[in-house]
Amino acid sequence: MSGHINVSDVTLKFAGKTAPLTVLDQVSLTLSHGEFVVLLGPSGCGKSTILNLVAGFVPPDSGTISCNDRPVSGPGPSRGMVFQQPTLFPWLTVLDNVTFGPRMAGVPRPEAARMAREWLERVGLAGFEQHFPWQLSGGMKQRVALARAWLPNPDILLMDEPFGALDAQTRIMMQELLRDAWLSTGTTVLFVTHDVEEALFLADRILIMSARPGKIVDEVVLPFGQSRDIETLAQSPGYADIKQRILHLVRTEAKKYINPI
Ligand SMILES: Nc1ncnc2c1ncn2[C@@H]1O[C@H](COP(=O)(O)OP(=O)(O)OP(=O)(O)O)[C@@H](O)[C@H]1O
Ligand SMILES: [Mg+2]
């Protein structure tokens, strides 16, 4: 089945000033095809590192990572990534930014452009194809990044706080856009955020990580179903209790940095 992720007993150390720093300690997680899973945890606990491992940017010291039942040995087009900053090429137009990957992979320019126009329309950027990144707002740039990541039709999308730098209103619009795109594509999404409300709106399942060395300490399966309205979700049965439980867990872990035990 496509879009399956398996991280099993992964440990990763980085060189520290005196001794190696254990960033991830026997982390295991599994995502099924089409699932939307959010990773929540304090700053520095290793969330981005997990995405980088699944993307194939870094290898683990021990443990295994596989996607679609194949070991990950490096980056590949079946796994798209969206970073906190949009990372667009400043010298390319919106259309050329979005089509860059497929063109490099040999997709003819007209075909790539046709697919890109579909995605640009979907993210509300029809008519901006010939704009350059410096002519776009932060939210628009992140829409371009979303279209670019989704264009090659990846099995898996890895998203590292993609809306972290946006204002509250733009952020909500982007969350709605992302959920709609996810519902219509069925792509497996592993999404990192600090924001509990964002996690509650987007996720099927939330994984909560401990302070460094990062481990998955809890898992919350959300009972809110597929169709969610961002304005009324907070009135859903169970929402307040789940939010409070998650906030408590995340705050408990975050405090360990201030009062290490
Ligand atoms: N390439 C690297 N070399 C050395 N140390 C690294 C490297 N990448 C990450 N680290 C360290 O690993 C730890 C986890 O980093 P990571 O970026 O995964 O955290 P995070 O949970 O994403 O934090 P944030 O929420 O602030 O983005 C940090 O202590 C960081 O300094
Ligand atoms: Mg990070």
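We count ligands from 1, going down the list as the structure has it; atoms in each ligand are counted the same way. In this chain, numbering begins with 1 at the start of the sequence shown. None of these values were measured; they are calculated from a predicted model.
Atoms of ligand 1 lying under 4.0 Å from at least one heavy atom of H194, given by number and element, are 25 (O). Counting atoms of ligand 1 from 1 in the listed order, those under 4.0 Å from a heavy atom of E161 are 25 (O), 27 (O).
Of the protein's non-hydrogen atoms, V23 CG2, 3.2 Å is the one closest to atom 12 (O) of ligand 1. Among protein heavy atoms, the minimum distance from atom 11 (C) of ligand 1 is reached at F14 CD1, 3.9 Å. Considering only non-hydrogen protein atoms, atom 17 (O) of ligand 1 sits nearest to S48 CB, 3.6 Å.
In this structure, F132 and W134 have parallel ring planes: the angle between them is below the 30° cut-off, well short of the 60° mark.
At under 3.5 Å, a nitrogen or oxygen of G44, whether backbone or side chain, sits near a nitrogen or oxygen of ligand 1. Inclusion of G46 in the set of residues having an N or O under 3.5 Å from an N or O of ligand 1 is warranted.
Residue T49 holds the heavy atom nearest to atom 16 (P) of ligand 1 of all those in L12, L40, T49.
In this structure, atom 30 (C) of ligand 1 is not in close contact with the protein, since no protein heavy atom lies within 4.0 Å of it. In this structure, atom 25 (O) of ligand 1 has a protein heavy-atom contact shorter than 4.0 Å.
Checking R103 against T99 by side-chain atom types alone, a donor-acceptor pair falls below 3.5 Å. A donor-acceptor pair shorter than 3.5 Å cannot be found between the side chains of S78 and D155.
If you take CG on L29 and CG on L31, they are separated by 6.5 Å, rounding to the nearest 0.5 Å.
Here the shortest heavy-atom pairing between M140 and L125 reads O-CD1, 3.7 Å.
The residue from E198, E161, E176 that alone fulfils the salt bridge (charged side-chain N to carboxylate O under 4.0 Å, His left out) condition with R171 is E198. Each of M115, R148, E129 was scored for a side-chain contact (heavy atoms from CB on, under 4.5 Å) with L120, with one residue passing: E129.
For the pair R179 and W182, the cation-pi test (distance below 6.0 Å, angle within 45°) is failed.
Checking T49 against the Mg ion (ligand 2), every N/O/S atom stays at or beyond the 2.8 Å cut-off.
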